[in-house]
A.B. asks: 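Pasting in a structure now, in structure tokens, and then I'll have a few things to ask.
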Amino acid sequence: MQCQICNDNEATIHLTEISGGVRTEMHLCEYCAAQQGIAVTKSQIPINDLLSSLLASAPQSEADASAEKDLKCPKCGFTLDQLRNEALMGCPYDYQLFEKSLLPLIESTHDGKSVHCGKVPSKIPKDTKTHIELLTLREQLRQAVGSEDYELAAKLRDKITEREKPSDKP
């Protein structure tokens with residue numbers, strides 16, 4: 001695709017703007033983008049380097065770090081050092097085994113959240129968001145009852161009841 005300004009160079013920068021419900025796309029070469037004052041950064045970091053730096057910066061006590069450094073998955077033999085080097089887990093059990101190291105990393109990259117919330121756009125109507133939350137809570141309730149975790153099931157039931165109450169606000 002050619003640059004929409006100079007029509008000479010290949011477009012490597014693709015901008016999409018949505019304003020007033022109208023979508024506008026611009027396809028520019030690096031030179032024209034710089035002329036337009038559009039900052040172009042070439043900061044692609046290999047995933048292994050990014051993950052290693054995030055793991056290294058994750059807050060952890062020395063005792064926890066030492067204990068986890070020596071851990072090795074009994075199912076696949078995976079170690080925390082391999083995660084730093086390969087940016088991949090060995091098996092699903094590794095998430096539980098290395099939870100203390102992974103949790104701060106996950107929270108720092110997901111705005112403090114450590115539980116998957118699904119792909120729900122942040123600007124959706126409140127009633128739609130409430131409906132999605134109720135569906136999620138009902139599924140969690142079904143799983144809690146299935147695993148006979150009745151304490152959790154009671155808490156989830158109470159959350160569902162609370163969310164189903166009509167609000168007094170117009």
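Below, all heavy atoms of this structure are taken into account, side chains as well, without hydrogens, waters or symmetry copies. Keep in mind the model is a prediction, meaning the values are calculated, not measured. Start at 1 with the first residue, then count along the sequence.
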A.B. asks: Rounded to the nearest 0.5 Å, what's the gap from NE2 on H14 to CG on L28? Could you check?
C.D. replies: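 Those atoms lie 9.0 Å apart.
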A.B. asks: Side chain to side chain contact (heavy atoms under 4.5 Å, CB included) with E148: which residues, sequence neighbours excluded?
C.D. replies: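 By the side chain to side chain contact (heavy atoms under 4.5 Å, CB included) rule, E148 matches Y150.
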A.B. asks: To the nearest 0.5 angstrom, please state how far the CE atom of M1 sits from the OG1 atom of T12.
C.D. replies: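 Output value for this atom pair is 12.0 Å.
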A.B. asks: Assigning hydrophobic clusters by single linkage (Ile, Leu, Val, Met, Phe, Trp, Tyr; side-chain heavy-atom cutoff under 4.5 Å), is L141 placed with L134?
C.D. replies: yes
A.B. asks: Determine whether Y95 and L80 fall in the same hydrophobic cluster, where Ile, Leu, Val, Met, Phe, Trp and Tyr are linked whenever their side-chain heavy atoms lie under 4.5 Å apart.
C.D. replies: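 Yes, Y95 connects to L80 through the hydrophobic network.
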A.B. asks: How about D94 and C76: do any of their side-chain heavy atoms sit closer than 4.5 Å?
C.D. replies: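 Side chain of D94 against side chain of C76, heavy atoms only: contact under 4.5 Å found.
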A.B. asks: From E10 CD over to Q2 CD, what is the distance, rounded to the nearest 0.5 angstrom?
C.D. replies: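 Answer for the CD-CD pair, E10 versus Q2, is 7.0 Å.
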A.B. asks: Between D158 (side chain only) and K155 (backbone N and O only), is there a donor and an acceptor less than 3.5 Å apart?
C.D. replies: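 Absent.
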A.B. asks: So if you build clusters from Ile, Leu, Val, Met, Phe, Trp, Tyr with side-chain heavy-atom gaps below 4.5 Å, do L156 and L135 land together?
C.D. replies: no
A.B. asks: On a heavy-atom basis, which atom in P74 and which in L97 lie closest, and how many Å separate them?
C.D. replies: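 Where P74 meets L97 most closely, the heavy atoms are CD-CD2, 4.3 Å.
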A.B. asks: Evaluate the side-chain proximity of L137 to R163: yes if any heavy-atom separation is below 4.5 Å, no if none is.
C.D. replies: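 A side-chain contact under 4.5 Å exists here.
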A.B. asks: Decide whether Y31 and M26 are clustered together by the hydrophobic rule: side chain heavy atoms of Ile, Leu, Val, Met, Phe, Trp, Tyr closer than 4.5 Å, transitively.
C.D. replies: no
A.B. asks: Would you say that H27 contacts I5 through its side chain, given a criterion of any heavy-atom pair below 4.5 Å between the two side chains?
C.D. replies: no
A.B. asks: Rounded to the nearest 0.5 Å, what's the gap from CD1 on I160 to CD on E133? Could you check?
C.D. replies: 11.5 Å
A.B. asks: Just checking E25: does its CD atom have more than 12 heavy atoms from other residues, nucleotides or ligands closer to it than 6.0 angstrom?
C.D. replies: yes
A.B. asks: Salt-bridge test for R138 and E164: reply yes if a basic N is under 4.0 Å from a carboxylate O, no otherwise.
C.D. replies: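 A salt bridge is present here (some side-chain N lies under 4.0 Å from a carboxylate O).
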A.B. asks: Quick one: does F78's side chain get under 4.5 Å of K72's, heavy atoms only?
C.D. replies: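 Side-chain contact under 4.5 Å: no.
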A.B. asks: Is the closest side-chain heavy-atom distance between L71 and T79 below 4.5 Å?
C.D. replies: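 When only atoms from C-beta onward are counted, T79 and L71 do not touch, as no gap falls below 4.5 Å.
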A.B. asks: In terms of hydrophobic clusters joined by side-chain contacts under 4.5 Å, are F98 and L103 together?
C.D. replies: no
A.B. asks: Yes or no on side-chain contact (heavy atoms from CB on, under 4.5 Å) for Q96 and L102, after CA distance, side-chain angles and deciding distance?
C.D. replies: CA-CA 9 Å; Q96 293 171 341; L102 293 173; over 6 Å; no
A.B. asks: Look at the side chain of S147 and the backbone N and O of A144, then say whether any donor-acceptor pair between them is shorter than 3.5 Å.
C.D. replies: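 Yes; at least one donor-acceptor contact below 3.5 Å.
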A.B. asks: Between K159 and E162, does at least one N-O distance fall below 4.0 Å, as a salt bridge requires?
C.D. replies: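 Salt bridge flag = no for E162 with K159.
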